[in-house]
Protein chains: 2
Amino acid sequence: MTTTKAANPNTEACPIRDVLDRLGDRWTVLVLHELEETTLRFGELKKRIDDISPRMLAQTLRRLEEDGLVSRRTFPTIPPHVEYTLTGLGHSLLVPVKGMMRWAADNQHAVRAARHAYVPLRPEAAK
Amino acid sequence: MTTTKAANPNTEACPIRDVLDRLGDRWTVLVLHELEETTLRFGELKKRIDDISPRMLAQTLRRLEEDGLVSRRTFPTIPPHVEYTLTGLGHSLLVPVKGMMRWAADNQHAVRAARHAYVPLRPEAAK
DNA sequence: CAGTATCCCAAAAGATACTG
DNA sequence: CAGTATCTTTTGGGATACTG
């Protein structure tokens with residue numbers, strides 16, 4: 001971490017939080033991941049992530065575009081043709097994101113084991 | 001909430017999401033970060049992350065403990081004394097998490113610039 | 001085809017008073 | 001001190017009908 005420890009990285013003072021917040025939602029990482037290899041159209045994304053609603057897909061893409069992670073290219077045809085592509089920035093984000101996924105993959109068993117072994121501290125009396 | 005449906009290969013076969021979901025909330029990464037260097041008590045964490053409510057801090061710590069990322073040690077004194085420490089697993093998670101933070105720090109300007117330059121497609125559309 | 005508009009619900013998070 | 005209980009607000013997200 002590069003933030004100073006003494007300072008409290010609260011909501012608006014911390015640009016890092018501000019950026020990372022976008023990754024917290026349910027769909028962003030999934031969309032990023034789908035676009036890693038190839039450019040895709042709205043409908044193609046919708047097919048690959050088929051439990052996403054059009055509303056959420058649109059919103060997710062809009063935010064990604066707004067943050068400069070995805071570029072949107074439209075062809076003035078009828079019917080419309082719109083392509084979404086990861087930008088360089090988007091690809092660069094994918095690097096640490098994949099690091100996270102790697103960790104999750106590597107440690108899922110440890111986490112599951114911990115969860116299973118966990119006993120709530122409700123009836124706890126002494127140690 | 002975990003994946004409610006699993007129609008998609010990416011979500012379905014993916015316990016990764018289940019693990020990663022915990023990081024999506026507002027406070028987990030912050031707490032992890034505060035505990036990197038040192039063991040801290042509840043009140044000390046509260047002080048350092050002072051816009052967190054006791055409720056959210058407790059909930060966050062409980063989840064971290066449940067996942068085996070943080071260990072909780074109580075001293076049977078009056079008043080109570082409780083210490084939170086990162087486990088080995090917690091430290092290992094911090095590695096990719098810091099990768100993410102590093103990315104955010106390195107690219108915050110690019111993201112902000114993109115946001116600022118972004119013009120909505122439909123000028124009248126509100127969020 | 002690529003989205004919007006609208007309505008609705010569930011979950012997350014905030015505030016705060018209270019207690020062992 | 002270290003939390004819980006409770007209530008309220010805010011946000012995320014699902015469904016779906018509609019349109020340029």
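The sequence lines fix the lettering, A, B, ..., with proteins before strands; numbering per chain opens at 1. Note that the structure is a prediction, hence the values are computed from the model and not measured.
At D:dG3, one or more side-chain N or O atoms of B:Arg72 fall inside 4.0 Å of OP1 or OP2 (strictly under the cut-off). Side-chain nitrogen and oxygen atoms of A:Arg26 include at least one within less than 4.0 Å of the OP1 or OP2 phosphate oxygen of D:dG14. The phosphate of C:dC1 (OP1 or OP2) has no side-chain N or O of A:Tyr84 nearer than 4.0 angstrom.
Considering CG of A:Leu86 and OG of A:Ser92, their distance stands at 9.5 Å, rounded to 0.5 Å.
Comparing A:Val82 and B:Gly24 by the nucleotide of DNA chain C that holds the closest heavy atom to each, the one mapping nearer the 5' end is A:Val82.
Aromatic ring pairs are classed by plane angle as parallel below 30°, tilted from 30° to 60° and perpendicular above 60°; the pair A:His81 and A:Phe75 is perpendicular.
The nearest whole Å value for the distance from the CG atom in A:Leu45 to the P atom in C:dA2 is 10 Å. Rounded to whole angstrom, the span from the CZ atom of B:Arg63 across to the P atom of C:dA12 amounts to 6 Å. Rounded to a whole Å, the NZ atom of B:Lys46 is 12 Å from the P atom of C:dT16. Whole-Å rounding puts the B:Leu40 CG to D:dG3 P distance at 13 Å. Note: CG (B:Asp51) to C1' (C:dA15) measures 13 Å, nearest angstrom. A:Glu44 has its CD atom 8 Å from the P atom of C:dA2, to the nearest Å. When the P atom of D:dG13 is taken as reference, atom CZ of A:Arg22 falls 12 Å away, rounded to whole Å. When the P atom of C:dG14 is taken as reference, atom CG of B:Asp50 falls 12 Å away, rounded to whole Å.
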What verdict does the salt bridge (Lys or Arg N to Asp or Glu O under 4.0 Å) test give for B:Glu65 and B:Arg62, after you've listed the backbone C-alpha separation in whole Å, the side-chain angles of each residue and the deciding distance to 0.1 Å?
CA-CA 5 Å; B:Glu65 194 196 352; B:Arg62 217 91 307 117; 3.8 Å; yes
Verify side chain to side chain contact (heavy atoms under 4.5 Å, CB included) between A:Ile52 and A:Gln59, making sure each step is shown before the conclusion.
CA-CA 11 Å; A:Ile52 195 174; A:Gln59 183 181 108; over 6 Å; no
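More than 12 heavy atoms of other residues, nucleotides or ligands shown are found within 6.0 angstrom of NZ on A:Lys46. Counting heavy-atom neighbours within 6.0 Å of A:Arg73 CZ, excluding the residue itself, gives a total of 12 or less.
Nucleotide C:dG20: paired with D:dC1 (Watson-Crick or G-U wobble, both distances less than 3.5 Å).
Listed nucleotides: D:dA2, D:dG13, C:dC1. Nearest to the side chain of A:Asp25: D:dG13.
Across all strands shown, A:Phe75 has no heavy atoms under 4.0 Å from either base or sugar-phosphate atoms.
For DNA chain C, the neighbouring residues in residues 52-62 of chain B, judged by any heavy atom under 4.0 Å, are B:Pro54, B:Arg55, B:Met56.
Under the side chain to side chain contact (heavy atoms under 4.5 Å, CB included) rule, A:Leu35 has a single partner from A:Leu30, A:Leu64, A:Thr85, A:Val70, which is A:Val70.
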